Amino acid sequence: MSDGTDSPHTLAADDESTHRDFWAETIADEIEARDPDEPIVVKGGVSPSGVAHLGNVNEIMRGYFVAEVLRDRGHEVRQVFTSDDKDPLRKLPRKLADADGNIVGLGEVDAGALGRNLGKPYTDIPDPFGEADSYAAHFAALLEADADRLGVPIEMRSNTELYADGTFDPVVSHVLANAETAREVLSEYQAKVDEDYVPFNPVCEECGKLTETVTNIDLDAETVDYVCTDMEVGDNTIDGCGHEGTASFREGKLPWRFEWPGQWQVLGVDFEPFGKDHAEGSWPSGVDIAENVLDIEPPVPMVYEWFTLNGEALSSSAGNIVTVTELLDLLEPEVVRYFFALDPKKARDLDLSRLDQLVDDYDRFERAYYGTVDDESVTEFAEASYPYVVDAVADDKPIRLPYTFAAVLGMVDDRDLRIKLAKDEGHIPDDADESTVEAALARVEKARNWAERMDNAYNYRLQTDLPDVEFDESVQAALDALAAFVDAGHDGEEIQAAIYDTARDHDIEIGDLFEAGYRLFFDETQGPRLGEFLGELETEFVVGRLRRER
RNA sequence: GGGCUGGUAGCUCAGUUAGGGAGAGCGUCUGGCUUUUAACCAGACGGUCGGGGGUUCAACUCCCUCCCAGCCCGCCA
């Protein structure tokens, strides 16, 4: 039985560990204190669901930072991720992601085929998209692709494979040989564990579903006898076929409470982060089982808080999900990694409508690393974590366009004009070389996608038709004068200056004239540097628009 | 009901590990730059550090209690 000192809240700072500026270093300290064998194994795991969402990525990234810190300290580290794909499909997912990471509804795939396979292991269910070997393989590929997009090398391990190739044999044999002890330990945590409980769920050879009723264990033959009974799943029941049969130790699986510690044993896991849902249930029983059934040392744990999306819990059924693919359309990978480098103890909200704020935070974090932020705590955190957040630390701080400014540039398609506007605003140095410019402009596409997806104040384009506008006489007169100036042939800079002069000449607020201009061309009240922009457009069009004629 | 983890400015968050000045960015407002247009500079406004109590010369920090949020305490994972 656990002695109650195994709190998984490793970062709770109630111990005597030395202070670290980056939480992953604190965890790395804990792991090193165990003097682990090399390579050090960092594990995560997930049950295949319909969509590889950011909750799964959370687990990948938390492990990644710890792995990277350990590698930096000279250790060899493997980051393993188990796909717990021998678990049964318990209910139909509402949403699925296709091989490219695009979310589709259940109606767009062969839902009937999925429904007929309720209760079977994910690896025994066909890929609804008809491409991969199984439902499980499809999902695992998605997750691996996401990790790859984020630059995180993970080793995906199929749980089904661990049974099939015999890796799990010693654990299953040991648990069943010590079934009585296993029952006693687990019964401390699960009230329904009675004397008939057997910690093994065979796959029915007749219908292919996982069953729970084992009637006999033959340790010598390494088989169990079973009856394929009904399985309760939430409010529903998955019917068993009633078949009575015999299964080998490889033709079934351990219940999760035993399987998790079993993975620690067979994979030699030294560290595993997990969501707070496991903190009070699976973890204490897992520690107990590891120590008193399997006789192994559990890994260093770390509980991370869940985060919310747009203020609401992540929910595929409610449609409140975002995939890595989608997120990387909106953000640079380093910004996504930064989000997960922040304190895991804090529940954070990823608010897509305010990604500009997240990116601003990232930019400040980056500046702090390069020593130009007068804030000790941010700087300490940046110095400790920034090298793990970016692909490679550049000698000089990368040029970063403010995200909202990048969104402004996104309405302009012409690359040269983007560069000109950015330079005019001082966001790109005049003498920047081509690769620097290219890198800085990469954010524009992300911000543009954001503006379109959010359909926010930055989502505007040049209005091809005259917007519905109304100006008072003095503004109309100023616009006419400006039109005449443009018609006479002047470049952008001159037009920009003329806007100021014209406003003064007509005794109107400069801001009012700018707003009138933005109204006419974008049907907005703000926009890019107007004169420079108008200078790039066709003169005839600009003149006509300024005169409210077209 | 019990347990765990959070609660700091309008927003996003540092700071709590060793008790001593409540902070940053963004936003807002004001002023400046004889070109303010998602730009820059300066300044201001803004918080009973979730509430209350206790310990202490001193509490965001330690203790107790209450409130709020999420999770766990059935099954499953």
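Just so you know, these numbers come straight off a predicted model, no measurement behind them. Lettering follows sequence order; numbering is per chain, from 1.
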Taking atom P in both B/C64 and B/A24, what distance in whole Å separates the two?
33 Å
What is the separation between atom CH2 on A/W306 and atom P on B/A69, rounded to the nearest whole Å?
17 Å
Looking at the side chain of A/H278, which of B/U35, B/C71, B/A77 is the nearest nucleotide?
B/A77
Begin from the C-alpha positions of A/Y338 and A/F365 and carry the test ring pair (Phe, Tyr, Trp, His ring centres under 6.0 Å) through to its verdict.
CA-CA 9 Å; A/Y338 165 75; A/F365 164 76; 4.7 Å; yes
Send over the distance from A/D360 CG to B/G27 P, rounded to a whole Å.
8 Å
Integer-rounded Å distance: B/G27 C1' and A/D356 CG:
11 Å
Would you check if the distance from the ring center of A/F274 to the ring center of A/W260 is below 6.0 Å?
yes
B/A9 and B/G23, which share atom name C1', separated by this distance in whole Å
10 Å
Does the side chain of A/N56 come within less than 4.5 Å of A/F139's, by heavy atoms?
yes
Using the P atom in both, what is the distance from B/G25 to B/G43, to the nearest Å?
11 Å
The side chain of A/H9 is closest to which nucleotide in this list: B/A77, B/C11, B/U5?
B/U5
Taking a pair as Watson-Crick or G-U wobble with both distances under 3.5 Å, which nucleotide is matched to B/C71?
B/G3
Separation of the C1' atoms in B/G47 and B/U35, to the nearest angstrom
39 Å
Using a cut-off of 4.0 Å on non-hydrogen atoms, how would the nucleic acid contact of A/F381 be classed: base, sugar-phosphate, or nothing?
nothing
Determine the contact category for A/K345: base if any of its heavy atoms lies under 4.0 Å from a base atom, sugar-phosphate if only primed atoms, P, OP1 or OP2 are that close, otherwise nothing.
sugar-phosphate
Closest listed nucleotide, where the reference is the side chain of A/Y458 and the choices are B/A38, B/A77, B/U34:
B/A38
Indicate, with a heavy-atom threshold strictly under 4.0 Å, whether A/R348 touches base, sugar-phosphate, or nothing.
sugar-phosphate
Kindly point out which of B/G7, B/A38, B/A77 is positioned nearest to the side chain of A/K346?
B/G7
Assign each of A/A497 and A/F405 the nucleotide of RNA chain B bearing its closest heavy atom; nearer the 5' end lies the nucleotide of A/A497
Can you say whether a donor on the side chain of A/E280 sits under 3.5 Å from an acceptor on the base of B/C73, or the other way round?
no
Between CG of A/L314 and C1' of B/C71 the distance, given in whole Å, is 14 Å
Using a 4.0 Å heavy-atom cut-off, does A/K253 contact any base of the nucleic acid, only the sugar-phosphate backbone, or nothing at all?
sugar-phosphate
What integer distance in Å separates A/R20:CZ from B/A14:P?
20 Å
The Watson-Crick or G-U wobble partner of B/A38, with both key distances under 3.5 Å, is none
Between B/G6, B/C73, B/A39, which nucleotide has the shortest distance from any of its atoms to the side chain of A/H427?
B/A39
Out of B/A24, B/C26, B/C4, which has the shortest distance to the side chain of A/R364?
B/A24
Is any side-chain heavy atom of A/F381 closer than 4.5 Å to a side-chain heavy atom of A/L342?
yes
Gap in Å between the two C1' atoms, one belonging to B/U65 and one to B/U55, rounded
15 Å
Can you tell me if A/Q190 touches the phosphate of B/C73, counting only side-chain N or O atoms and a distance under 4.0 Å to OP1 or OP2?
no
Under 4.0 Å, heavy atoms only, any strand: does A/I510 hit a base, just the sugar-phosphate, or nothing?
base
Under a 4.5 Å cut-off applied to non-hydrogen side-chain atoms, are A/S385 and A/F65 in contact?
no
Roughly how far apart, to the nearest Å, are B/G53 and B/U17 at atom P?
23 Å
Is it the case that the base of B/A24 and the side chain of A/S377 share a donor-acceptor contact (distance under 3.5 Å, atom types as modelled)?
no
Return the value, rounded to whole Å, for the distance between atom CD1 of A/I238 and atom P of B/C76.
13 Å
Using the C1' atom on both, measure B/G21 against B/A59 and round to a whole Å.
14 Å
Remember a base hit wins even if backbone is also touched, and classify A/R367 as base, sugar-phosphate or nothing at under 4.0 Å, heavy atoms.
nothing
Would you check if A/Q496 and A/L534 make a side-chain contact, meaning some heavy-atom pair closer than 4.5 Å?
no
With both distances kept under 3.5 Å, what pairs with B/A58, Watson-Crick or G-U wobble?
none
Starting at the 5' end of RNA chain B and moving along, which residue's nearest nucleotide shows up first, A/A279 or A/E509?
A/A279
Heavy atoms under 4.0 Å, any strand shown: does A/S282 hit a base, just sugar-phosphate, or nothing?
base
Measure the shortest side-chain to side-chain distance between A/F485 and A/E494 over non-hydrogen atoms and say whether it is less than 4.5 angstrom.
yes
In this structure, how many angstroms lie between the C1' atom of B/U12 and the CG atom of A/N310, rounded?
15 Å
Tell me: CD of A/Q496 to P of B/U35, nearest whole Å?
11 Å
Have a look at A/W260 and say if it touches a base, only the backbone sugar-phosphate, or nothing, with a 4.0 Å heavy-atom cut-off.
nothing
Quick one: are A/S282 and A/R257 in side-chain contact, heavy atoms under 4.5 Å?
yes
